[in-house]
Structures are given as C-alpha cells and as structure tokens.
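Lettering follows sequence order; numbering is per chain, from 1. Side-chain atoms are counted along with the backbone in the values below, which use heavy atoms only and exclude waters and symmetry mates. Just so it is clear, the model here is predicted, and its values are computed rather than measured.
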Amino acid sequence: MTDFLSSLGYAQWIIPVLLLVPVAGILPILLAPAAQAKRIALVVSTVVFVVSLGLWWAFDATSGNFQFAATLPWMPFWGIYYRVGIDGISLFMVLLSTAMMPLAVLGSWHYITKAERGYYALLLAMTSGMVGVFVALDLFLFYFFWELILIPMYFIIGVWGGPNRLYATIKFFLYTMFGSLLMLVAILLMVWQTAHTTGIVSFDYAFLLEHAGELGSAAPWYFAAFALAFAIKVPMVPFHTWLPDAHTEAPTAGSVLLAAVLLKMGTYGFLRFAVPLFPDVAMSPPVTALFISLAVIGIIHGALVAMVQPDVKRLVAYSSVSHMGFAMLGIWAATVQSVQGALMVMIGHGLATGALFFLVGMLYERRHSRMFADFGGLARVIPLFSLMLTITALASIGLPGLSGFVGEFLVLLGSFENHPWATGIATTGVVFAAAYMLWAVQRIIYNPLVQPENKALAGHDLNLREVLVVLPLIFGMIWLGLYPKPVLRRMEAAATRFVEFSIPRAVTVQTADGSETEGAK
Amino acid sequence: MLLTLAGPAAQALEAVPRWLVLHPHWVWLTVALPLAGFLINGKLAIAASGPVPLLPPKLAQRITEMVRRYQHGIVTVVGTGVLLAAFVVSLMLFLGFQFLDTQSAYVLRLWSWIPVGRFQVDMALQVDQLSLVMLLVVTGVGSLIHLFSVGYMREDPGYARYFAYLNLFIAFMLVLVLGSSFLVMFIGWEGVGLCSYLLIGFWFEDKANSDAGKKAFLVNRIGDVGFMIAMFMIWTTVGSLDFSTVLRELPAAVPVGGALITAITMFLFLGATGKSAQIPLYVWLPDAMAGPTPVSALIHAATMVTAGVYLVARTGVLFAMAPISSTIVAGVGVVTALFAASMALRQYDIKKVLAYSTISQLGYMFLGVGTGAFAAGIFHLITHAFFKALLFLGAGSVIHAMHHAYHEVHSSEDAQDMRNMGGLRKAMPWTTVLMWIAALAIAGMPLSGFFSKDEILAYAFGRGHDNPVFYLYYVLGIVTALMTAFYMARLMAMTFHGKSRTGADAEPYLHEAPWIMTGPLVVLGILTVFGGMINLPTWAGGHHWLQSWLLPITATAEMYLRPELPHGTTEYVLIGLALTAALVGLVAGYRLTVGQTIVPARDAPEERGFWKVLYHKYYVDELYDAVIVRPLILFSQRFLWKGVDTRVVDGVFVNGSAGISRFLGQIGSRFQTGQLGFYVLLFVLGALWILRAMVGGG
Amino acid sequence: MLLGPSLALSAVLFGIGVIGVLVRRNAIVIFMCVELMLNAVNLSFVALSQYHGVGGRVMVFFVMTVAAAEAAVGLAIMIAVFRHLESVDLKNINLLHG
Amino acid sequence: MNTLDLLTPLGALFGLLPEVIITITACIVFLVAGWRGSTPAGSRLAGWISLAGIVLSGVALSYLWLGGFSPSGIAHMVALDPFRYASLGILLIVVGLTIGISLGYMERERLLAPEYYGLILLAAVGMMLLAGAVDFIVLFLGLEVMSVAAYVLVAFDRRSPASAEAGLKYFLIGAFASAFLLYGIALLYGATGTTNIILVGVQLSSGTASLLSALGVGMLLIGFAFKVAAVPFHMWAPDVYDGAPTPVTGLMATGIKAAAFLALIRVLMQGLAPVEALWQPVISTLAILTMVIGNLVALSQRSIKRMLAYSSIAHAGYLLVAVWPGSRLGAAALLMYLLAYGITTLAAFGILAMLGRGGERDVTVDDIAGLASQRPWMAFAMAICMLSLLGFPGTFGFIAKWLVLSSAVFEGQWLLMVVMVLASVVSAGYYLPVIMAMYMRDAEPGVTYSGVTVWGAAAGVVAVAIVGIILLGLWPPDLIDLSMESAAALFQRSMPVAIQ
C-alpha cells in the first residue's frame, strides 16, 4: 500500500487535494438542482475521505517530524507562506474531520429541508476549513482557517438550527471571536518581537518555535492570549457556556461536527501552539496548577451539570465539557502516556459524542422532541436504535474495551505521578459520567412505555441510511477500544516530541529514566 | 507438578487419555465460546424484533420469519451449548495444566493492547491454579444456571436477549478471572458490571428494575475508582500492571506496612467492596434482586460478587504486606456479615433474604482473605457458589411456581413474598429437599459450607494471637453464624412448612418445576453435599487439597503473613461452638416461625420497634439518598447549573458584558441630541483638550 | 511691526467667534461668527506675511473667496431649511438625533 | 523616471492632468444640465459622462503613475509621487462607485437635477487636491472645494427636511472646523515662514518647537479630526450621514473621509514628523475614543443607515491606529484600509439604496428579515460586506485590518491593538445581526421584496466590489507590495532613513 501510494506521488498532492476538492465541490452543488445537492455532497465528501485514508499508510510512524510538507509563497514579503504538514497529532485530527463529513451529509439527509444547496455547500466549505486548521504550519495560515471555520458553523446553527438559534449562534460566534482576535494580537506581537531579534519577519511555525525562547517577559502575555482562544474553543470551564446553547440549537450534523471536530481545534491548539511555543510559561507551576485545576473542575462540573439537564442534547453538550477536561488534564500532565491519552480522548470523544448526536437527531426526527420527559421505554419499540445508543453511551462513559476507556485511562495514568490529588478527583468523574449517561439511557429507552407517540414508533426503527451513519462510528469505538495500537503507534513520536518540547527549561524536571535533573536556571 | 496431588490422584492422572487434555494456550476458547454465543443470540434478539436493515427487504422478511420460527431452539442450543462447551474446555485445561512442567502461571499473550512508552499492556490471559479454580466454578455453575434458565425464561419475549446477556456475562467473567494484568482484569471487572446492569434491568419497563440496574452500576463504579487509583499507584511504583511483574517487584519496591502499600491495598479493597457488596457499598445488591432469579443466582451469588474476594486473593501478597489493610479487610468483612445477617432476619421477600445472606457470606470470605487465609476464602467462595446457587435456583423454582399459579388465577399478589407462601413442600417435594440441603449447608451443618466457614473462623481465631482484635472478629463471626442459621430456618419454614397462604384458588396450580429446572438443582445439591471434600481438613480425614493446590499463589503472601490454625483441644472447642450456634439458630428459627401465625402480605400489619428498623434495612438507602444523592442533584441543579453557569458565567459575564456594551451604547446615543449647540460644545471641549496637550507637550 | 499685538487681536477675535458659535442659536448669527473667525485668521496671515513673504497675503485672498462661496451655499441651505421649518433657530432643528 | 517642473504652466498642467480632466468633465456636466434640464435622460446622460470622465482621469493617472513622474527639485503645491497616485486611484475608484450607485437611485428618488453629478465631480476634484497637496494653500483650497460641494450634496434632496437639516448642520460645523484648520495653517506659517508642507518639515526638524508651531499643529489636528469624524469631533457625522441621500452618505463615509486621511497622513509624515512627540499621544487617544464610542453607539442603532454611520466613525478609529505609528507600514496600511473600507462601504450603501424606498433612514434590521430567501444574491453581497467590515478572514477587510494591526505592532504598540480587536468584537454585535436578519429569520408576514428595484449600474458596482473584496482577501500580496511602494514616497526626502 505504501509503495503504491508513493508511486502515485501521494505525499505531494494529498494536502492540496484535501483543501481544494471540498471547496471545488461547492460549485456543482450551487449549479445543480437543490434536490441533488446532498448527493453531490455525499460523493465529494466520500471521495475526500477515501483519498485521505491513504494518509494512514503513507504516514511514517517512526518520524516525529512533519510529513507531506509543502511550502508555497503567499505573502512572502511578510514571511507568510502556505506552509502545511502533518504529524502524529494532526494525522488523526485530519482523518477524523474527513471521516465525519460523509456521515454528516448522510445524517442530514432528511433533516435538512430548506436551502439545501447552501447547507451542503457550507458543509463542504467546513471540510476544507477543518483540514486547513490541522495542517497549517504558518501562524497566519492557521489563524486564517481558524476564523474561517466560524462562518459555516455560524450559518449552520443560525439558519438550520432550533428555535433559540439566533442567541446560540451569535454567542458561539462572539465567544470564539473574542478569544481568537486576542490570539491574533499575540501572533503579531510575537512575530514582531522575533523579527526584532532575528531580523527576519516570519510566521513560520518552525521558525517561531526555534526563537520562542527569546521572547522574554512578554511570553506570559502571548501565552495567555493563545490559551484564552483555545480554552474557549475546547471549551474549558468557565468559558464553556456557549457550548450547550450551540449544541442544543444546531442541526444534527452541526452538533456532530462541533463536537467531533471543532472542539478538538482547541486542544489541538494547545498541543501544537500554546504549550510548545511557551513551555516555560505553560509548564510553570502556577500555570500548570491553574490549568490542571480548571481541567478537573471541568470534568466534575460538566458531569454534574449534565446530570440535571432536561434536554438530551444539552446533556451531551455538558458531557463534552467533562470529556474535554480529560484531554486538557492529559495535555497539562505532559507525560507520554497522558498526552497520547489526551489524543485518544479527543478521537474517542469524536466518535462517541458524534454518534450520540446522530442518535439524538434520529430520535428527534421521529419524535420532534429532545426532552427526556417525552421518552421512555423505547427499547421495546426501536431495539436497534436502543442497542446503538447503549453501545455509544458505554463508549462515552469509558467502559473498558471501548474507545473512551483507553484515552481516559491513559490520561489518568499518565497524570497520576505528578498530580496525584488532581488525578484522584478526576477519576471520580467516571462515576458521575456513568450517573448522567446511564440515567439518560434509562430515561430514553427503559422505563415504562406509556406515551402514545412513543408506542407509535414501533416499526420505525433505524433504516439502512441511519445504520450506515452510526455503524462506522460504533465500529471505530470497538476497534479503538480493543486494538488501539496502530493508532497509538502513529502518534507516539509526535507525543514524545510534544513532551520534550513542553519540558520547561527553568525548572527541575523528571527525565525519561526517572532520575531528577536540574534544568538550566 | 504432580507433587501437589496425593498419590492415588497422581496415578489417576496418568490414566487420563491424551485426547482429553488441552494445553493452556487453548484458554482463549473459554472466552471466545460465550462471546460467540453472545453475538449469535444478540443478532437473533435484534433480528427477531424488527426487519434486518442491511439486507434487501424481501430477503430480510424471509430471514425474519425463519428466525422467528426457529429462534427459540437456536437460542437454547447456542446459549447453553457454548457454556457447556466452555465448561468441558475448562476441565480439559485443568487436566492439561497438570501436565505442564512448571508450577508457575502460563500467560497467553493475544495481542499488544495499549502500548505507550513505558506503559505496555497486552491483551493476555493467565492460566494458573487460582484462575483455573475460578474458571471451573464459573463455567460449571454457569452451565447449570443456563440450563435452569431454559425452563425459567421459556415464556419470556426477551428470551434471546436474555441468553445474549448471560453469555456476554460469562465471557466478561472469564476475562476477569483469566486476565493476566490488572487492566485486562478491569475489562472483565467493568464488563460484568455492565452485564449485571443489563440483566438487573432486564424487565426494563418497570422503572424500579431499571433503577436498580443503574444503582448497581453506579455503586460499582465508585468501587472502580478505587481500583483505578490503585492501578495508577502500582504503575507509578513499578511501571507495570502485569500480575506476575507487580507481585514480584512491588514487595521489593516498597516497605512492608508502609503508607504506599497500605494505600494501594485500601484502594484495591474499595474496588472489592463495590463489586462484592461490602460496607459501605453493599446497597446495590438487595435491589439487584429485581433481575430474573437465575441472574441473581449466577451473578449476584455465585460469580460476579465474588470477584472482590478473588481480587484480594489474587493480590494477596500486597495485603499480606499491609497489616493495617488486611485487618480492615477482615473487619469490614465480619461487620458486613453481621450487619447483613441481621437485616436478613426480618425480610419477607424470599430473594431479599437470600441477597442479604449473600452479602453476609461475602463478608465471611473477606474475613478469610483479610485474615490471610486466602485458600480458606477461596474455599468458601466455591462452596458458597454451590449452595447459594442452589438456594437461589430453588427460590427461583418456587417463584416460578407461585408466579404461574397467580398468573392462572389472574391474581396480582407478590409471588416472591414469603408471607404468601407456606406449605409448599407438598407441591414441590424436590425443591423442598434440595433447598433444605442448601439451607443446612449455609447454616453450618457439616456439609460443604460448614467446612469452609469453620476454617475461616478458625484462622481468624488463630490470628488473634498476633492481633487481639481478631478474637472480636471471631465472636462476631459466631454470632453471625447463629443468625444465619436462624434466618435460613425461618425462610424454609415460612416457604415450605406450615399452612398454605397462597389462597385457595391459586393452590391447585402450584406444581414442581420441569426437569430442565430441577435437574440443575439436583446437581447443585450433590455439589453442596460433597463440595466440602475439596479442602477437607485433616481432622475430618482430608488433606487440604485446595490449600495445597493454591500454594503457588499464596506462598509469597505467606512470607509476610502466615496465619495458623488452632490445634488440639482448641480446635475441637471451636468446632463445637460453631455447631452449637448453628443448631441453636436452626431450631429457634424453625420453631419461632412455625409457631407464630403469619398474615399474608396484603393484610400484613406495619412492623414495629426494632423490627421496623430491620425491615427497613436500618434506613441506609434513605440515609444515602438524603446525604449524598439528593444534595448532589440539588447542588448540581441549583448551584452549578442555574447558579454558576446560568447566573454567573452567562448572566454576569457573557450577557452582562453584552448588556453593558448595549447600555453604554444607549447612553452614547442619548448624547446625540440633534442639537448643534451641544455638538459645538463637545467640539470646543475637544479642541481645548488638544491645545492643552500641545502646550503641555511642547 | 506690531506683530505681537496683531496676533493677539487675531486670537481674541477668533475666540469671540468661537464663543459666538457656542452661545448663539440662530443659524445666521452662527454663520456670521464663523466669518468672524475666518477674518481673524486673515488678520494673522496679513500680519505674518510681513515677515514671511507673499504667501500669507495670497492665502488671504483665497480665504476671502472661499468665505464668499461658503456664504452663498450656506445661505441657500438656510433658505431650504426655512422652507421646511419656517425657522432657522437651531433649537428647532433636531429631526436627526439618537 | 520622468521629471516634471511644476513651476512651468505646462508642467503644472501635466502634473494635475487627472484633476484637470475631472474639472473639465464637471463643466461639461453643468452644460448638459443647462441643455437637458432636470429630466431622467439628462440625469442619466450626466451620470454616464461623469463616469467617462472618471475613467479618463484614471487613464491619465495611470500614465503618470506608470511613467513614474517625479518633480524636478522640490514639489510645489501638489506632490508628484506614488503616494499621490495611489491616493488618487483610491479616490477615483470610490467616486466612480458612488456615481454607479447614484445612477438609478436619483431617478427612483426623483432627484433628477444633472447638477448632482457635476457637484460630485467637483467634490472629487477637491478630494484629489486635498489628498495630493504639498502646500497648505492647495490643501485648504482642496478642502473647501470638496466641502462646499459636499454641503450642497448633503442638502440635495430639497423635498426632505432631514436632508436640509443635515446640510445645515454639516455646513455650520464644517465652516467652523475649517476656521480651526485655517488658523492652524496660519500659526504654522508664522512659526516656519512657509506654507509648503515639506519645507515646514525641514524647518521644524531644524529648530526646536515653539509655542506657535505647537498651537498650529493642534489646530490642524482639530481640523482634520473633524473631517475624519474622530470622537469627540464626530457628533455631526451620524446626523449628516443619516439625512443625506444614500449615495452621498456613501461618498462622505468613504471619499471625503479618505481624502482627509490621505491629507492628514501626508501632513503628519512629511511636515510634522519632527514633532511626532506632539501629535502621537493625541492621535492614539483619539483612536481609542473613536473606536470605543463609535462601536458602542453603533450597537444601539436600529436603522441600518445610522448603524453604518456609526460604524464609519469606528472605522475612522481603526484608520487612526494606522496613522499613529508614522511609519511606512502605517501609510501602506492606511492606503489598503481606505480601499478596502471604501469599496465595502459603498457596496453596503449600494445595497441599502436598492432596499430602501424613499428614505433609507427607516430601513431597520427587522425590515430585511428573510431577505436571503427572496433575494439571495443581494443578501449574499450584504453578508460579504458585513464580514469584510468586521474584518473576517477571507475578505479584503481582514487583510486591511491585519495590516493596520501590524503597523501598530511594529512600533511595539499593544494597547491600541488590544482596544482595536476588542472593539472589533463589539462590532460583531451589530454587523452579525444584519446577516442574521437576512438569513436566519423569516420575513415579517406580508413583506415581500419584489418591489425592490435593482438597477444595472448599482448592481454592477456591488458585484465588482464583492468580487474585489473576496479576491483581494484571498490574494492580497501584489496589492500590498504596491501600497508599500507607494507609501515609501512619503519618507524619501523628509526622512532619509526608511522605517524597516
């Protein structure tokens, strides 16, 4: 497979193809009749996904460097280039993005009835944007994609969303924009300062990484700006309140993409930029303490609040807050185990929460409600749905053997050594996770089947299309739960590199062999 | 290897034909078989209830019809077949293990599961003396209960689903006992919890049932947190989670009796209390009786709930190194035993009595492993599996009959309430006899239960030498034995003796269960009578076979903690004491129950005084609800959600900043009066400011 | 020659013009105050051009021309306003606000 | 490199060719007005003639620009450098777009006097002189030519009391502000003895700053602050923008503001650079006040036109951020921002003009609810405009805003940047609701947009603007290079050491 791909010159064209084909797909969608839009979108997104699968084989797992890299001038005078590349961290984010897209199209098949062309065009635009965020290695390019992704989501929530969509979408937009504009300021200041010391104006990630140590006393401010932007996106408590609203109001595919991909942009930002660029700040004891506390608070808070939500989607949204707390904990514990765990949490959460939103959406299409009070006893009438909901819920709460567990366990395991108390508290999160999720499952598919609308669901179990949407995700959950090695192997080099980068230069550190060494003061 | 067997047994082994012997690397079969059963039955369960979505409709229709027609048969054959096959494989493995050259564990590495840097965990199964014993118990008792279920669940619409769950449970249970590392064991550990959840809530349309399932899972998860933290500590200390590595290296890495080892063992024990229903996490088990009775027998009596005991025995060396922990384990065990037995005294639901009895017996096991008598603990685990499974299945057969009778007469009476029974011995002679056997065994008559319980108590007494608190444990254990005998006699008397309280119209419909149900009961009865033989003490002419068989497992632990059995007169005095307690309890229980008039459940008066406290299980559920559950929900809802998120973060910061911006904007808008004079005024003020800046700057 | 007093007078006139604009309400009076300000500046130009050459004087002519043009346009606008409102008192003119 | 001697009549004529062409066109338009009278055909003819004049002037400008004409010796009266060419280019584009929008609008509103176009052209001449002046005399003349024409244009709708009121307000306070500017010129003339901006710079750099020059600088700043509508000299702007006919509002928000900014930066860079310490604090304070107040008050507006008026005040604040550093990058950023802001705002006003029916003052956000479902392209164009004004990546507005931020950052100025981005967040609070109304809300019952008149010229203007916004947003490097080259001209003589 690897040889076959290299004979095609795969490494040279794959990233441009992933960025351009979805956008190019917009044109036929706009030209074709509205009824055909979804078919075209499905074809395009499937092609993109299939093509992106080649990354799996073409990726060299032994290398922690960026692969498939390319550099083209954009605004060379300003040191702004089209610089892209993929490493073990971005590989799975890219694959997650491309994989979710055909499912999102399929999941919207009957849900979206108005302005279909616009909807599917936006979905495709979003694909490019998401891939762009994860492959960009130029800070300007990154920011470009980072902001660009807001627009399709803004419209998807605002146009095709629920009754309270206007409030939700502007909240989503302003929250994110607030953080990212401050990040833009930090990017510019950092580039300027680096240009002052080196005489070279460049937005190149590698270049800035090399010279990030020379930022001196301004570094904490830069870090704060980056961290704020990413923390809002993750979202970390207390910047999380946009998420429940956005999730609740968004149409199914919007919620799915939001959960599966967009939130990952935040944690990805920490992994790629905020921590490696400013390790001295990020890994200094007070900052570490702050972020670990916020992560743990997020885990517990998200879970507890999820428990008392009357609306299924809000519950899943809050569960995302909780899960992303695990990812943040893993990043800040900064051991190989915890970082790979964080990545696994990100992937696992993408699969499980994505599937949950799909399932809730399917339920909504049947019942036109998302309130727990309207459900109950559905296992009797729609067993296949119930089975899938159960598996997904179990993956979400981290049952061993399913995808959620591997990530959570690795995060906690890797964090325990340096942060035993925080880890201990975070571990209790699994109890609360079980509490809200099982209670949710119970209120939906168990309990007495009393309401006539629910009884009428008999015979309206998932159809082929819906099974095709959820089944791949469930397959992924089981695969990642039982045999995550191929995934872990590919991300190990990048995770190790992250850990090395994030060792603060000025404090005592624990080296790989366990001995204490004194860093340069 | 053959050394562990006595002479005649060794000779017998020589005679075993080679084709009956399996090398341990076939151990994966035992997991794979039930798993395959789960997949097939699960598929049938789904297919039976609706169209198969992945196929063209016509074909799907035909398949559905075919499946409907033959489903029951296929499910029965597959569901029980895989278990029987697994049992046979287990037996062959057991034999095969005798032929191995070494005594040490055989580890079958299937695939590398989670490899991350230093952290390496393989999906691997471990075959050794302990896991083989557990393997045999699980598949053996499991097979019998599967067979019983064929009769018990015959008419249930969820027949296929039931067997799917049951098979899945066995698969997970085997992963639990066979797992070669803490983490693989944890798969099984949580997996059985899942199946327990699914099976307790099997009849999910009754809210109480699904509540009970959820409660079981949640309480178990609290324990699992302990298990996980213990794993983190172990990995941080020795860098591995494999049993062999950990049990070899941890003793060298940490000081005996130190804080770390105490913490590790206490967290492990927290996990065990969850799974094995000990104080303070026992509350889920009585509720778990909401599941079908064979499930109670399999999961909540014979196998899953003993996982905690298995865990402590498996990591015995760690507990042996931490005297504080092991004392606490034993203490919690015996207090739970007493506490649960006291609650069993005043229960009327036949399954609830058995549930508290299970908690109580599990307490004995923890007393055993806490004392350091790991073999004795495992011994009681095995005998308990036999007699408690028998009791539950017997109760199941009673309930089946009662339910059937009530169903015939369209009565909505409680089929499980003993106040509605009485005099059933006439209708159900087989069940009566078999249940009496089990009752005597658990009460401490010299059947299987007697030997195991007596041994635990004796070891506890023996450890009193070093640590006088164990004398207290012993006394509590004897009191518990008395109570045990009492409530078992009460149960038997209320159910099978005295006058019938079923109601005249229902009585004719009561009859013995079909052979598919009584058959397993008979086998279990035989096991209950003779099960004690596997570890018969020397005074009774035995050789402590089980103890010597498990020696490779327990040997390391004995380097740190070696409890002694009392000898000579003391030994006989203790035995006499135990027997006396049992006899007194039995007689008193029977006489008191048969002597009083019992009112059927419907007309039963309110309990009074201390009986009321016992009847309401010391109000522990209510206490937990009031102290933990309700405050937590209120805290989450009122404070975290409505307070922090809605009012503070959203209200003050998000919408607040938007509101302030808008407010400021409106003020600015108000200044825009339309009056040119005001505009000029501002202009001039601005001009003065600029000129002032110029002069000041210049 | 007399540069200081000329500039001072110019400043005073300019100030009077500003105050006039500030306190009066009638559009025509305000415009006359503005004219006063322009002429105050003209005075400065003339005074300064004694030292700095012809540029200042040239400027004065331009300013006068501009002032004339402004007056023409301004009065026309006032007529237009008067047609609508029958008044050129600024306190009546606040249709546009907020 | 060709040189022109601006002291010879021919040289001056040649150097002022673009302005001359526009002036001649204006004269022709007035002739047409006399000939055809106030008829639709006359108005249309005048409009097209004006456009042709703009194009012709553009051709002349290209000739000068590509020929690289520069003055022999020091420039007199008007500059002959790429910065002037770039400035004229922006102004011609903006005026051309305004005329395009006006074409159908004037007919629909029955404002048929062809003189309108003549006045626009005269205003354009004023702007061009203002932006190109290197002598305060020309600067003042340009300013007044522009202003007098603008007073009339604002009050052009004789039937509307709002228009008359706006004209009066603009006129009174405008003349008042002109006096300040003039006084500033006089004081500087007194301090330095010259009205040539470059020579003023030379004088200021040689001697220490006197009280006279300081006051002169202050007065100049006041005059300019009024013209660019910087807080607190902005109060007139919302009322005037609101009352004026929509195309005129567009021209005021873009062309007049641009001309004022271009003159301001030339004066500051070439003349007042030596007293940087005097004006920089004032500019930064003005910038902050303008950004904050402009954005906040815009939030509370219901009428789109008035909202755009306040937004234009806010954008003046952003532009002041580019003025503040006094650097080549700042000047380049200013050029880019003026162009981006100009075409975006005109496109927005063009759409607004099409949407309104007799008084756009009353078109509120609610009135365009559901526009996207009935007029998808119009809604799309408006959405792009809003995003570009917001400075969203992928649009020209973002590139411009990013350059402005860069210009501040390269002087190590972070406070202005932070205020600017926070102000941008606030601005999303009023730009986004426009998009939300069009796309995410349903039309009010009974409202149809079938009556919306779309006229070819305006539609063309909007289309060109939108294409430009998107293309330049994605591929700006060539234009950035051009603006950097143009900006360099401001620093060649007065500041031999180029910044960065």
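Annotation: cation-pi pair B:Arg118/B:Trp235 present, NZ/CZ under 6.0 Å from the ring centroid and within 45° of its normal. Cation-pi geometry between A:Arg443 and A:Phe375 is not satisfied (NZ or CZ under 6.0 Å from the ring centre, within 45° of the ring normal).
Under 3.5 Å, the side chains of B:Asn655 and A:Tyr167 contain a donor-acceptor pair of N or O atoms. With 3.5 Å as the limit, one finds a donor-acceptor pair spanning the side chains of A:Thr335 and A:Ser338.
Using a 4.5 Å cut-off between heavy atoms, A:Trp242 does not touch chain B at all. Both the backbone and the side chain of B:Ile633 come within less than 4.5 Å of a heavy atom in chain A. Neither the backbone nor the side chain of A:Leu174 comes within contact range of chain B; no heavy atom of the residue lies under 4.5 Å from a heavy atom of that chain.
Chosen from A:Glu492, A:Arg489, A:Glu466, A:Gln442, the residue pairing most often with chain B at heavy-atom distances under 4.5 Å is A:Gln442. For chain B, the option among A:Phe432, A:Phe178, A:Phe409, A:Trp439 with the highest count of heavy-atom pairs below 4.5 Å is A:Phe409. Of all the listed residues (A:Thr428, A:Leu412, A:Val237), the one sharing the greatest number of non-hydrogen pairs under 4.5 Å with chain B is A:Leu412. Between chain A and the residues B:Ile222, B:Asn209, B:Asp211, the most heavy-atom pairs under 4.5 angstrom are made by B:Asp211. Considering only heavy-atom pairs separated by less than 4.5 Å from chain B, the leading option among A:Gly401, A:Pro400, A:Ala379 is A:Pro400. Counting heavy-atom pairs closer than 4.5 Å to chain A, the top residue among B:Phe267, B:Phe119, B:Trp203, B:Phe653 is B:Phe119. Contact count versus chain B (heavy atoms, under 4.5 Å) is highest, among A:Val431, A:Leu413, A:Leu438, for A:Leu413. Counting heavy-atom pairs closer than 4.5 Å to chain A, the top residue among B:Asp645, B:Thr236, B:Leu640, B:Val225 is B:Asp645.
Under a 3.5 Å cut-off, the side chain of A:Ser415 and the backbone N or O of A:Thr423 do not form any donor-acceptor pair.
In summary, B:Arg161 and B:Asp156 do not engage in a salt bridge, as defined by a charged side-chain N under 4.0 Å from a carboxylate O.
A:Gln309 CD to A:Tyr436 OH: the interatomic distance, rounded to the nearest 0.5 Å, is 11.5 Å.
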